[in-house]
Amino acid sequence: MSLTHTGVTTAPADLAPCGREDHPDCGIRDVLDRIGDKWSVLVIVELAGGPRRFRELQRAIDGISQRMLTLTVRRLERDGLVLRTVYPTVPARVDYRLTGTGTGLTHLVKALADWSRTHRAVIAEARHAYDRAHPDHDIR
């Protein structure tokens, strides 16, 4: 999607199947493993506003533990989405920022967030209708 794209698309996107026997894995699983968890997306959203120190990230992301934030930024760094910079000060100062690749991902995360906000009520109603129709199925 381009920044100037304003049209509403109702037809399904033209997606080639991934992971089928006759199609080589396109790598989407690796990407989804990383950005599919809620902490990675929240870290990316927070870093989209600019570099942050560890404690700033921790305060900004409600509910994330120190251990989970450490694991999350390490994984994002390993995947080349986040850059960790250690400054030679006493005590050492460390900040995290998005790389060019990570910055490119912010447009997709924003599109997903926009889609979520737009469809929140429809999804909530669909869940409510499903739960009424299937009272014995607890899939939450």
hydrophobic_cluster_shared for Val82 and Val109, side chain cutoff 4.5 Å = yes

Taking it one step at a time, do Val73 and Arg84 satisfy side-chain contact (heavy atoms from CB on, under 4.5 Å)? CA-CA 8 Å; Val73 293; Arg84 178 179 185 263; over 6 Å; no

* Just wondering, do Thr118 and Arg120 contact through their side chains at under 4.5 Å, heavy atoms? -> no

The reported gap from CZ in Arg74 to CG in Leu69 (rounded to nearest 0.5 angstrom) is 10.5 Å

Item checked: Arg52 charged N/C atom sitting above Tyr96 aromatic ring, 6.0 Å / 45° -> no

For Gln66 and Gln58 the tightest heavy-atom approach is N-NE2, 3.3 Å

(Q) For Asp114, is the CG atom crowded, meaning more than 12 foreign heavy atoms sit under 6.0 Å from it? (A) yes

#### Entry: Exam field: side chain Glu125 to backbone Val122, donor-acceptor pair closer than 3.5 Å
no

Please check if the number of heavy atoms outside Arg97 that lie under 6.0 Å from its CZ is greater than 12. yes

When rounded to the nearest 0.5 Å, the distance separating CG of Leu98 from OG1 of Thr106 is 7.0 Å

One should read off an interatomic distance between Asp37 CG and Arg75 CZ, to the nearest 0.5 angstrom, of 7.0 Å

NZ of Lys38 to CD1 of Ile61, rounded to nearest 0.5 Å, is 11.0 Å

One should read off an interatomic distance between Asp95 CG and Phe54 CZ, to the nearest 0.5 angstrom, of 13.0 Å

Distance col, row Leu57:CG vs Glu46:CD, nearest 0.5 angstrom, shows 6.0 Å

Taking every heavy atom of Thr99 against every heavy atom of Gly80, the minimum-distance pair comes out as OG1-O, 2.5 Å

**Prompt:** When hydrophobic residues are tied together by side-chain contacts of less than 4.5 Å, even through go-betweens, does Leu112 share a cluster with Ile123?
**Reply:** no

- Query: Are any of the side-chain heavy atoms of Leu47 and Val43 separated by less than 4.5 Å?
  - Reply: yes

Can you hop from Leu42 to Ile64 via hydrophobic side chains spaced under 4.5 Å?
-> yes

* Looking at side-chain heavy atoms only, is the closest gap between Trp39 and Leu71 below 4.5 Å? -> no

For Thr85 and Val94: C-alpha separation, side-chain torsions, deciding distance, then whether side-chain contact (heavy atoms from CB on, under 4.5 Å) applies.
CA-CA 6 Å; Thr85 305; Val94 179; over 6 Å; no

Check: Is it true that Asp131 and Arg127 have a side-chain N and a carboxylate O under 4.0 angstrom from each other?
Finding: no

Exercise. Decide yes or no for Leu105 and Leu108: does some side-chain heavy atom of the first lie under 4.5 Å from some side-chain heavy atom of the second?
Key: yes

* **Residue Arg132 excluded, over 12 heavy atoms near CZ under 6.0 Å** => yes

| message | Treating His128 as the side-chain partner and Ala124 as the backbone partner, does any N or O pair qualify as donor plus acceptor under 3.5 Å? | response | no

